[in-house]
Structure formats: structure tokens, C-alpha cells
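Every number for a ligand or one of its atoms is a count from 1 in the order of the listing.
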Amino acid sequence: MISQHGLKAEEEQELRKLHDRLSTDRARRILHVNSEVRRHLRDFFLKEGFYEIPPVIIGPVTDPLNHPVAGTGIEYYGYRYSLTQSMIFHKQIALLSCDKLFAFSPNVRLEPLERRGTGRHLAEFTQLDMEVKGASRNEVIAIAERMYCYVIGHVKATCRSDLEYFRRKLHVPSRPFMRFDFTGAKREYGEEFETVLSFRAADPFFIQDISLNDREFYDREDPERPGILLDMDMIYPEGYGEALSGGEREYELEKIMERIRKKKQNPDQFRYYLAVAGMGLPQSAGFGIGIERLVRFITGIPNIEEATPFPKAIGRFSL
Ligand code: AMP
Ligand code: MG
């Protein structure tokens, strides 16, 4: 059936659902939490001496990701650009002009349909993406721990009535958080180790030393332990799953090329990045944390599609 405005019935239905949802007190509270999460994250990084850099929306090269997503190419004056899937390469390059940076970076990832209904995936989301020149993995893990405790502590204070409304009791954990070794955790808890451990945990924890084939080429291989990456994921407790991913980065052209070859990727796809890497990139480490997942965890809402006013739902028409 076609509506008065020429919309299909399911499109009209989606818009009605959106209109109804945004008109509720619940939506206002979630938006308040979203807004406060952004404020406290920004305050935290500015207090720690980071520069906020503007996000990159389009570019001739973007994160290839470690799983297949549909392309998002656009025409750019005779060039083929894509929408940013993550700012990883631009973060590394921007460290030429400062020592510590962060961005609220919108990412578009046309995720596979299997990721529909996970409650954790959107086709457009925002990462607080940060990078630190000369840092080790341990140093950025320590920043992630301080960041988490800062944001949870401040949200508890400024969103008290929202947390009561959602019956959400959050606590600021003690640091350092627990760490699990990727291969060891897989051996002990099976393929679904992340989910198992997340449901079991009362506090966030890290999974580190991920195998080379399980992550992108830019995560740094441990020179002492070939095949093991100096990277990590932080996982939320209570079954909320992955919060952030990060680690040390490859920064030397030869090593980057070797890693691209090992991943059987086409270096040509990354030629603009490789050209800059050839001019010299700083050694660095960093991470990216998804804002909508953090809002979902803080409010305890089951579906990430509620965490933001205009969610781009996987496989479905969305405003
Ligand atoms: P990644 O580097 O792919 O691990 O992405 C960094 C962070 O962004 C993840 O740890 C999540 O918090 C978030 N994220 C990644 N993909 C999505 C998605 N499709 N929808 C919502 N958040 C996401
Ligand atoms: Mg990840």
C-alpha cells in the first residue's frame, strides 16, 4: 500500500515508530545519558591533555575492518572515496602534529545481515577514537581504565534520576581491571569465550594478545612473539560484550607491507596511506570506544537502536 506521501507501508510504519519513540520520557532520558556520556568523555580527554580533532567523514582510504561490510563509495571530483569505517589511518597521521588526540568519529559500516538483532550493531555509530604518540599497550589500557571509571562516576552523579528510572545500579570498579589472554581464553571457554566471560563478569575486563589473523593488519605484531598482536578489547560485564578495541600500531612501511601481504589484502587499496607511511609515521597506540554501546550498557537497554535518536538499523529502512 502506498501512503499519502508515496511511502511504502513499512516505511510509514518505521517513521510512526520513530515519532512515537522520540515522544516518550524514556527517549528523553536515554538522550540525556547519551549527551552526558559525550560530555564526560570529552572532559576526561581534555583534562588528560588530549587535543580534540574534527572527525573525518570521507577519504580515499579507510579501515578495511576484519569482517566483510558492503562498500560505501562516493564520487569525489573524479576520485573514488568512501565513508569512514574508522579513523585509524587518519589518527596515525594526525599524530604528526600533536602527541595525544581524540575525535568523536561517525563511522558507517554496512554490517552483514547476520548482525541484525544482536542488539549491539548499527550501520552508523560514533566512536570516541583516541591515539597517543609513543605509547605502549599498557599505557592506553591504563587510560581506558581511568576513562571508564571517570565516565561511570560522573554519570552516576549527573544522571541519577535516569539511572533510577532504568533501575540501573552502576559501580566504579577498582583498577587495574582483569586481563585474559586471547588464545588461553579461547582454549578454556571455547569460541564464544567473550560472551561467556562477559556474562560471568561483574566488572569490565580486557582480552589481550589477539592472534594475527583475527585482527586488521595495522595492529602491531609483538616482535618477541610472532603471530601475537599487541592489542586488546575491553569487554563490558553482565553480557553486554565488547566495549572497545585498540592496541599498538604498525608504523614502519616495510612492516605494514608485510602485514598487508600476510592478510592477503591488495596493497593498492591502501596506496595513499602507504605513501604517507613511507614519509614516516609516529609510533603510537590507541583505541576506539562505541558511544551507543556505552549508552546501552549504562542504561541497560537491550537494543542499541534505542541508544541514539536516529539509529541506522541493519537491513532496514531508517530515517
Ligand atoms: P572496532 O575497531 O571494529 O572494534 O570498533 C571499535 C568500537 O566501535 C567497538 O569496540 C564497538 O564499541 C564499536 N562498534 C563497532 N562496530 C559497531 C557497530 N556496527 N555498531 C555499533 N558499535 C560498533
Ligand atoms: Mg573490535
Return a yes/no value for A243: is any of its N or O atoms, backbone included, closer than 3.5 angstrom to an N or O of ligand 1? yes

Measure up the Y148 and Y236 rings against each other and bin them: parallel (under 30°), tilted (30 to 60°), perpendicular (over 60°). tilted

Consider only side-chain N and O atoms of Y165 and D25, and report whether a donor and an acceptor are under 3.5 Å apart. no

Once the angle between the rings of F270 and F217 is folded into 0 to 90°, is it parallel (under 30°), tilted (30 to 60°) or perpendicular (over 60°)? perpendicular

Using only heavy-atom distances, determine whether the side chains of H171 and D203 contain a donor-acceptor pair under 3.5 Å. yes

R120 touching ligand 1 at heavy-atom level, < 4.0 angstrom: yes

At under 4.0 Å between heavy atoms, which part of R293 makes contact with ligand 1: side chain, backbone, both or neither? side chain

Name the residue from R21, R316, K312, R296 that meets the side-chain hydrogen bond (donor to acceptor under 3.5 Å, both in side chains) definition with E305. R316

Centre-to-centre under 6.0 Å for F205 and F177, is that the case here? no

Closest non-hydrogen protein atom to atom 4 (O) of ligand 1, residue and atom name please, with distance? S245 OG, 2.8 Å

In ligand 1, the atoms that come under 4.0 Å of a heavy atom of L244 are 10 (O)

Within the structure, does E111 bring an N/O atom to less than 3.5 angstrom of an N/O atom in ligand 1? yes

How does E292 reach ligand 1, by side chain, by backbone, by both or by neither, if only non-hydrogen atoms under 4.0 Å count? neither

With a cut-off of 2.8 Å, does E242 place any N/O/S atom under that distance from the Mg ion (ligand 2)? yes

Considering only the protein, which heavy-atom contact is closest to atom 7 (C) of ligand 1, and what is its distance? G288 O, 3.6 Å

N or O pair under 3.5 Å between L65 and ligand 1: no

Would you say R109 and ligand 1 have an N/O pair spaced under 3.5 Å apart? yes

Identify, for atom 14 (N) of ligand 1, the protein heavy atom at the shortest distance, and state residue, atom and that distance. F125 CE1, 3.4 Å

So I30 and V295, do their side chains get closer than 4.5 Å, heavy atoms only? yes

Paired with R168, the side chain to side chain contact (heavy atoms under 4.5 Å, CB included) test is passed by just one of T299, I301, V33, L163, namely L163

Establish, yes or no, whether a centroid distance under 6.0 Å links the rings of H40 and F44. no

Can you list the atoms of ligand 1 that are under 4.0 Å from a heavy atom of E242? 4 (O), 9 (C), 10 (O)

N or O pair under 3.5 Å between L122 and ligand 1: yes

